[in-house]
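Right, one structure below, let's go through it.
Note that these values count all heavy atoms, side chains included, but never hydrogens, waters or copies made by symmetry.
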Amino acid sequence: MELGLVGLGKMGGNMRERIRRAGHTVIGYDRNPDVADVHSLEELVGKLKGPRVVWVMVPAGAATQSTIDELASLLSPGDVVVDGGNSRWTDDEKHAAELGVKEIGFVDCGVSGGVWGLENGYALMYGGSQENVAKVQPIFDALKPEGDFGSVHAGKVGAGHFAKMVHNGIEYAMMQAYAEGWELLEKVDSVTDVREVFRSWQEGTVIRSWLLDLAVNALDDDEHLDKLRGFAADSGEGRWTVEAAIDNAVPLPAITASLFARFASRQDDSPQMKMIAALRNQFGGHAVESKTEN
């Protein structure tokens with residue numbers, strides 16, 4: 001099938017390649033002309049045959065809103081817009097309503113996989129009507145990992161981004177636990193090879209995971225993480241998870257504490273946050289701050 005893809009950054013560019021490898025046609029637009037296939041959203045829409053599917057992969061907030069506004073003026077009844085960025089779930093109903101006035105469908109899709117998704121596939125959580133999801137299904141099938149798992153129709157509009165938000169909240173807490181354990185191991189004199197302790201956990205233990213594998217990768221690159229500053233940003237989804245927990249009276253002490261730990265990292269150089277920063281760089285290519293940066 002044909003797909004229009006808006007936003008060809010770290011995630012979007014690799015997604016375009018994976019979809020093409022599956023035999024589909026992808027026409028990509030990005031503000032960077034060096035990576036774009038077309039020079040405008042209007043040109044992108046004009047090159048697609050109806051009913052069109054356009055996947056938006058741009059930063060949440062104003063960039064997503066302006067893109068959907070422009071697409072609403074260019075697309076036709078029966079077309080579908082997919083928001084695959086990290087939008088807040090509360091924005092999805094607004095976008096669906098805006099497009100619905102013009103009989104344009106809307107699907108929200110949480111995407112996980114980072115810089116490894118091109119080869120490993122992307123975990124997908126999507127929300128919307130069965131009719132609209134069906135129009136996008138060949139693309140979901142191309143992006144997901146091989147096998148029976150890795151994608152889910154989570155529910156109605158907003159469910160995909162809500163599920164991805166909770167996923168990222170859990171990710172915050174898991175990274176924090178690895179980071180705290182790493183700092184404690186580094187602190188004591190009796191443990192002389194912390195990196196190999198982490199490596200030993202990769203097989204046969206209940207805490208083995210892909211995040212643990214990435215932690216070992218990071219320690220192989222920089223055994224004591226001496227090159228990193230203990231500073232970790234938050235993408236917004238951790239905050240939204242905590243806010244949703246408050247709204248629904250659901251206690252999330254571990255996730256909340258991990259979010260607050262990131263805030264603390266901005267006040268001084270936290271050893272734990274070196275590991276958090278290293279893990280975020282390993283799985284998502286997120287920027288890190290070196291010791292020499294101020």
Asn168 versus Lys164, side-chain donor and acceptor atoms under 3.5 Å
yes
Test of understanding: clusters of I, L, V, M, F, W, Y form through side-chain heavy atoms closer than 4.5 Å, transitively. Do Val111 and Leu3 belong to the same one?
yes
Walk me through whether Arg280 and Met175 qualify under side-chain contact (heavy atoms from CB on, under 4.5 Å).
CA-CA 9 Å; Arg280 294 180 81 242; Met175 287 196 290; 4.1 Å; yes
When clusters are formed by joining ILVMFWY residues with side-chain heavy atoms under 4.5 Å apart, either directly or through shared neighbours, do Met174 and Leu185 land in the same one?
yes
Under 4.5 Å between any side-chain heavy atoms of Val152 and Leu124, yes or no?
no
Are Ile68 and Phe106 close enough that some pair of their side-chain heavy atoms sits under 4.5 Å apart?
yes
Do Val56 and Leu71 come close enough that some side-chain heavy atom pair is under 4.5 Å?
yes
Taking the side chain from Arg262 and the backbone from Ala232, do they hold a donor-acceptor pair closer than 3.5 Å?
no
Minimal heavy-atom distance between Gly78 and Lys135, with the atoms involved, is O-NZ, 2.8 Å
So does Asp37 pair up with Arg20, basic N to acidic O under 4.0 Å?
yes
Can you give me the closest heavy-atom contact between Trp210 and Phe283, atom names plus distance?
CH2-CB, 4.2 Å
Could you check if a side-chain atom of Trp55 sits within less than 4.5 angstrom of a side-chain atom of Val136, using non-hydrogen atoms only?
yes
Is Glu98 salt-bridged to Lys94, going by a charged N under 4.0 Å from an acidic O?
no
Note: Pro145 and Ala123 closest approach over all heavy atoms is CD-N, 4.3 Å
Ser87 side chain to Asp83 side chain, donor-acceptor N/O pair below 3.5 angstrom
yes
Tell me, do Phe263 and Asp234 make a side-chain contact under 4.5 Å, heavy atoms counted?
yes
How are the rings of Tyr126 and Phe140 set to each other: parallel, tilted or perpendicular (split at 30° and 60°)?
parallel
Could you check if a side-chain atom of Thr64 sits within less than 4.5 angstrom of a side-chain atom of His95, using non-hydrogen atoms only?
yes
For Ala249 and Pro251, which heavy atoms make the closest approach, and how far apart are they?
O-CD, 3.8 Å
In terms of heavy-atom contacts, His24 and Pro138 come closest through NE2-O, 3.6 Å
Is it true that, when you exclude Glu17 itself, more than 12 heavy atoms of the residues, nucleotides or ligands shown sit nearer than 6.0 Å to its CD?
yes
Determine, step by step, whether Glu119 and Arg21 satisfy the salt bridge (charged side-chain N to carboxylate O under 4.0 Å, His left out) criterion, reporting the C-alpha distance in whole Å, the side-chain angles of both residues, the deciding distance to 0.1 Å, and the verdict.
CA-CA 11 Å; Glu119 299 301 330; Arg21 289 180 185 179; 3.1 Å; yes
Tell me whether Ser73 contacts the main-chain N or O of Glu70 through its side chain, where contact means a donor paired with an acceptor under 3.5 Å.
yes
Is Thr241 reaching over with its side chain to a backbone N or O of Met165, donor-acceptor style, under 3.5 angstrom?
yes
Ionic contact status for Lys274 with Glu186, cut-off 4.0 Å
no
Is Asp193 salt-bridged to Arg199, cutoff N-O under 4.0 Å?
no
Answer yes or no: is there a donor N or O on one side and an acceptor on the other, between the side chain of Asn86 and the main chain of Ala60, under 3.5 Å?
no
Nearest heavy-atom pair of Leu279 and Leu211: which atoms, and what distance?
CD2-O, 3.3 Å
Is it true that a side-chain atom of Arg208 and a backbone atom of Thr205 form a donor plus acceptor pair closer than 3.5 Å?
yes
Single-linkage hydrophobic cluster Leu99~Val53, side-chain heavy atoms < 4.5 angstrom:
no
Short question: side chain of Asp30, backbone of Leu8 - any donor-acceptor pair under 3.5 Å?
yes
Between CG on residue Asp141 and CD1 on residue Ile19, distance to nearest 0.5 Å:
11.5 Å
Quick one: does Arg52's side chain have a donor or acceptor within less than 3.5 Å of a partner on Leu75's backbone?
no
Test item: Lys47 side-chain N/O and Ile27 main-chain N/O as donor-acceptor pair under 3.5 Å
no
Counting only heavy atoms from other residues, nucleotides and ligands, does the tally under 6.0 Å from NZ of Lys10 exceed 12?
yes
Is there a donor-acceptor pair under 3.5 Å between the side chain of Asp79 and the backbone N or O of Ser76?
yes
Do side-chain atoms of Asp222 reach the backbone of Lys227 as a donor and acceptor pair under 3.5 angstrom?
yes
Which is it for Leu259 and Ile255 under the side-chain contact (heavy atoms from CB on, under 4.5 Å) test, yes or no, and what are the steps along the way?
CA-CA 6 Å; Leu259 174 64; Ile255 292 173; 5.8 Å; no
Should we count CD of Glu2 as having more than 12 external heavy atoms under 6.0 Å?
yes
Residue pair Leu225, Trp182: steps toward the side-chain contact (heavy atoms from CB on, under 4.5 Å) verdict
CA-CA 11 Å; Leu225 303 183; Trp182 173 79; 3.7 Å; yes
If you apply the rule side-chain contact (heavy atoms from CB on, under 4.5 Å), what do you find for Gln176 with Met273, and how did you get there?
CA-CA 8 Å; Gln176 186 66 29; Met273 288 304 137; 3.3 Å; yes
Applying ring pair (Phe, Tyr, Trp, His ring centres under 6.0 Å), which residue pairs with at least one partner in residues 156-176 are found, sequence neighbours left out?
Trp89-Phe162
